[in-house]
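Here the structure is laid out as structure tokens; the discussion comes afterwards.
Every number for a ligand or one of its atoms is a count from 1 in the order of the listing. We use all heavy atoms of the structure for the numbers below, so side chains are in, but hydrogens, waters and symmetry mates are not. Because the structure is a prediction, the values reported are computed rather than measured.
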Amino acid sequence: MTQTPATTDILSTLAGIVGDKYVLSDAAAMETYCVDWFGRFRAEGLCVVLPATTAEVSDVLAACYAAGVPVVPQGGNTSVCGASIPLGVAGAVVLCLSRMNRILALDAQGQSMTVEAGCILAKVQEAAADAGLLFPLSLSAEGTCQIGGNIATNAGGISALKYGSMRDLVIGLEVVLPDGRIWGGLKVIRKDSTGMDLKSIWIGTEGTLGVITAAVLKLFPAEGTSVDAWVGLDSPADALTLLADMRKAFGAGLTAFELMSKAQVAMVHDHVHGTRAPLESVSDWAVLMQVSAPNDGDGLVDLVETHLAAAMEAELVNDAVVARSLSQAQDFWHIRHSMSDAMKEAGMSLTHDVAVPISMVPDYIATTEKELGCRFPDAIGAVVCHLGDGNVHYNVTFPRQVWDGVDDKPGTIEEIRHLVQKTAVDQGGTFVAEHGIGRKNRAAAAEFKSPVEREIVAALRAALDPKGLMNPDTGVPA
Ligand code: FAD
């Protein structure tokens with residue numbers, strides 16, 4: 001990007017705050033911060049700034065506010081919706097939290113942990129486990145994504161079935177406002193009825209209302225034992241019945257229930273080295289479920305097997321295998337966690353992240369499959385679904401040679417996205433359930449968020465960020 005006297009000024013001001021080494025303005029050094037995880041969105045920024053403390057974040061934001069320079073906060077940059085890079089914003093600063101990665105406190109008795117926002121999710125999970133506790137948020141990008149990004153997107157994932165999304169896991173927050181003021185809401189208290197729950201304002205706002213610098217997180221007793229099973233069945237409706245049966249049998253002990261279509265699983269076996277099919281028979285649908293117990297789980301494997309045998313007897317399930325070792329369980333989960341990598345390899349994959357009422361999932365999948373099949377018979381529709389939350393990743397992959405032959409590529413992407421999302425909204429659902437709005441879903445936000453909702457969000461943004469500098473071109477209404 002061309003340097004003008006004004007940009008040189010702000011670069012040297014920022015270097016004065018964080019140190020020369022932590023202001024990257026060279027295109028090569030900025031590359032990884034300006035391209036999204038799928039490599040589909042590319043942006044140009046003025047520079048990347050890497051602060052080390054809340055005070056530095058505050059000074060950086062105050063300087064940018066005074067100079068009218070836009071800022072895009074960034075965590076692990078695993079957002080697959082173009083939310084974390086400065087798309088469509090000229091001369092923006094990418095403020096990356098990766099140096100703010102300390103665990104500040106762990107209260108084992110009070111079951112909470114205070115962390116800086118740049119902590120990688122897997123590090124937080126490990127710190128909890130070292131204390132014999134559990135931080136339950138779990139998703140395939142956990143080795144890269146950061147707690148601040150998880151909060152800013154209200155991340156969900158595999159364990160949301162039992163523990164909820166990030167919104168349910170935050171006790172307190174520290175936030176630097178767009179003008180540099182610090183809101184100190186880092187309290188370790190579980191109850192507070194002194195007015196509005198201010199921390200909620202920042203959860204899911206995708207960096208539009210300031211920078212989250214630290215958080216107090218809820219911890220839980222560690223699961224003593226987990227039993228994982230891979231199940232083959234005929235339809236999402238059968239999976240829904242099995243989910244209800246398993247919930248009845250195991251209650252809160254049911255900690256994961258992932259539904260996957262045959263095409264989605266096949267894509268992993270075709271493109272990810274070293275994965276093996278867990279069952280000899282191939283069914284149209286598979287469920288990967290996990291049942292956990294707080295103790296040594298005496299007899300839990302047998303109990304899960306008994307319930308699955310009854311489901312087979314009732315012809316609800318075609319085949320099932322319960323993992324008999326940790327490595328067998330890890331093999332099952334490796335398949336599940338490799339789905340995004342497999343889609344990257346398989347061709348042009350359009351990923352979606354909708355949610356519908358849980359009981360509507362079979363209908364949603366059938367309707368979407370039918371409509372997409374009519375319009376795009378050469379595309380592969382594939383599903384992976386957190387069934388317990390009604391969260392369906394309906395993904396559409398064009399093999400490379402098919403995609404090469406598509407004339408109107410942007411129009412095709414738009415048409416498919418609209419179809420997948422509108423079908424969900426028409427069924428009482430939402431167009432994005434986990435990944436955030438970002439640039440990718442800007443048109444959907446404009447279409448599907450009600451005018452009143454857009455006005456409320458825009459009013460909040462105007463109140464906290466009157467100059468409109470924080471992540472200005474994302475899809476969050478402004
Ligand atoms: P980024 O991508 O860096 O940023 C996301 C948004 O948050 C941006 O708008 C950014 O400006 C803002 N932001 C980041 N940090 C801060 C901060 N400190 N303060 C204010 N704003 C900030 N998501 C799920 O919910 N569930 C899943 O199961 C899931 N699976 C995934 C699997 C794969 C393979 C991949 C690549 C992604 C997956 N995601 C999933 C999406 C992604 O991992 C989540 O959205 C995650 O929460 C993003 O965290 P991040 O640190 O990478 O944030």
*asked:* Test your reading of the structure: does N77 have an N or O sitting under 3.5 Å from an N or O of ligand 1?
replied: yes
*Would you mind finding which of T474, T213, I212 brings a heavy atom closest to atom 19 (N) of ligand 1?*
I212
*asked:* Quick check against the 3.5 Å criterion: does K123 have a side-chain atom that pairs as donor or acceptor with the backbone of N101?
replied: yes
_Let's go through E434 and N154 carefully: what are the C-alpha distance in whole Å and the side-chain angles of both, what is the deciding distance for side chain to side chain donor-acceptor pair (under 3.5 Å) to 0.1 Å, and is it a yes or a no?_
CA-CA 7 Å; E434 287 189 324; N154 187 29; over 6 Å; no
*Hey, is ligand 1 close enough to L97 that some N/O pair sits below 3.5 Å?*
no
*Under 6.0 Å from the CZ atom of R190, do we count more than 12 heavy atoms belonging to anything else shown?*
yes
*Can you tell me the protein heavy atom closest to atom 36 (C) of ligand 1 and the distance?*
W37 CD2, 3.3 Å
*asked:* Please work out, at 4.0 Å between heavy atoms, whether the side chain, the backbone, both, or neither of T153 comes within that distance of ligand 1.
replied: side chain
*Considering heavy atoms of the protein only, find what lies nearest to atom 53 (O) of ligand 1 and give residue, atom and distance to 0.1 Å.*
G149 CA, 3.5 Å
*Output the list of atoms in ligand 1 that are nearer than 4.0 Å to some heavy atom of N150, sorted by atom number.*
46 (C), 47 (O), 49 (O)
*Only one of L50, I147, V115, T213 clears side-chain contact (heavy atoms from CB on, under 4.5 Å) with M100; which?*
T213
*asked:* Distance under 4.0 Å to a non-hydrogen atom of G210: what atoms of ligand 1 satisfy this?
replied: 20 (C)
*Which of the atoms in ligand 1, numbered in the order shown and given with their element, are less than 4.0 Å from a heavy-atom of S340?*
33 (C), 34 (C)
*asked:* If you take the nearest heavy atom of each of G118, S159, A155, A141, which one is closest to atom 38 (C) of ligand 1?
replied: A141
*Starting from atom 8 (C) of ligand 1, which protein heavy atom do you reach first, and at what distance in Å?*
A83 O, 3.4 Å
*Hey, are the side chains of T351 and F38 touching, using non-hydrogen atoms and a 4.5 Å cut-off?*
yes
*Can you find a side-chain donor-acceptor pair between Q74 and S84 that sits under 3.5 Å?*
no
*asked:* For atom 10 (C) of ligand 1, what's the nearest protein heavy-atom neighbour? Residue, atom name and distance, please.
replied: P73 O, 3.1 Å
*Student check: side-chain heavy atoms of C47 and V94 closer than 4.5 Å*: no
*H435 and H393: ring-ring contact (aromatic ring centres under 6.0 Å, His included), yes or no, with the steps?*
CA-CA 11 Å; H435 296 174; H393 298 291; 5.4 Å; yes
*Going by heavy-atom distance to atom 23 (N) of ligand 1, choose the closest among H393, H435, M339, R336.*
H435
_Could you identify the single nearest non-hydrogen protein atom to atom 26 (N) of ligand 1 and state the distance to 0.1 Å?_
E434 OE1, 2.9 Å
*asked:* Considering non-hydrogen atoms of the protein only, which is the closest contact for atom 50 (P) of ligand 1, and what is the distance?
replied: G76 N, 3.4 Å
*In ligand 1, which numbered atoms sit nearer than 4.0 Å to a non-hydrogen atom of G75?*
1 (P), 3 (O), 14 (C), 15 (N), 51 (O)
_Within-cut-off N or O pair, N154 and ligand 1, under 3.5 Å_ = no
*May I ask you to decide whether K467 forms a salt bridge with D465, counting only side-chain N to carboxylate O separations under 4.0 Å?*
no
*Spell out, as yes or no, whether a donor-acceptor pair under 3.5 Å connects the side chain of T474 to the backbone of N471.*
no
*Which residue holds the protein heavy atom closest to atom 32 (C) of ligand 1, what is that atom called, and what is the gap in Å?*
S140 CB, 3.7 Å
_Whether over 12 other heavy atoms sit under 6.0 Å from K409 NZ_ = yes
_Within the 4.0 Å heavy-atom shell around N471, which atoms of ligand 1 are there?_
9 (O), 11 (O)
_Beyond-backbone contact of E142 with S138, side-chain heavy atoms, under 4.5 angstrom_ = yes
*Check the surroundings of atom NZ in K422: do more than 12 heavy atoms from other residues, nucleotides or ligands lie under 6.0 Å from it?*
no
*Which atoms from ligand 1 have a heavy atom of E206 less than 4.0 Å away?*
9 (O), 11 (O), 12 (C)
*Do E116 and L104 have side chains that get closer than 4.5 Å, going by heavy atoms?*
yes
*asked:* Taking a cutoff of less than 4.0 Å between a non-hydrogen atom of the residue and any ligand atom, is G436 in contact with ligand 1?
replied: no
*Considering distance alone, does some N or O of G156 sit under 3.5 Å from an N or O of ligand 1?*
yes
*Among all protein heavy atoms, pick out the one at the shortest distance from atom 43 (O) of ligand 1; state its residue, atom name and that distance to 0.1 Å.*
T78 OG1, 2.7 Å
*Under 4.0 Å from any heavy atom of G157, which atoms of ligand 1 are there?*
26 (N), 28 (O)
*Going by distance alone, is a donor N or O of one side chain under 3.5 Å from an acceptor N or O of the other, for E223 and T255?*
no
_Close-contact set for ligand 1 against A152 heavy atoms, below 4.0 Å_ = 7 (O), 12 (C), 13 (N), 21 (N), 22 (C)
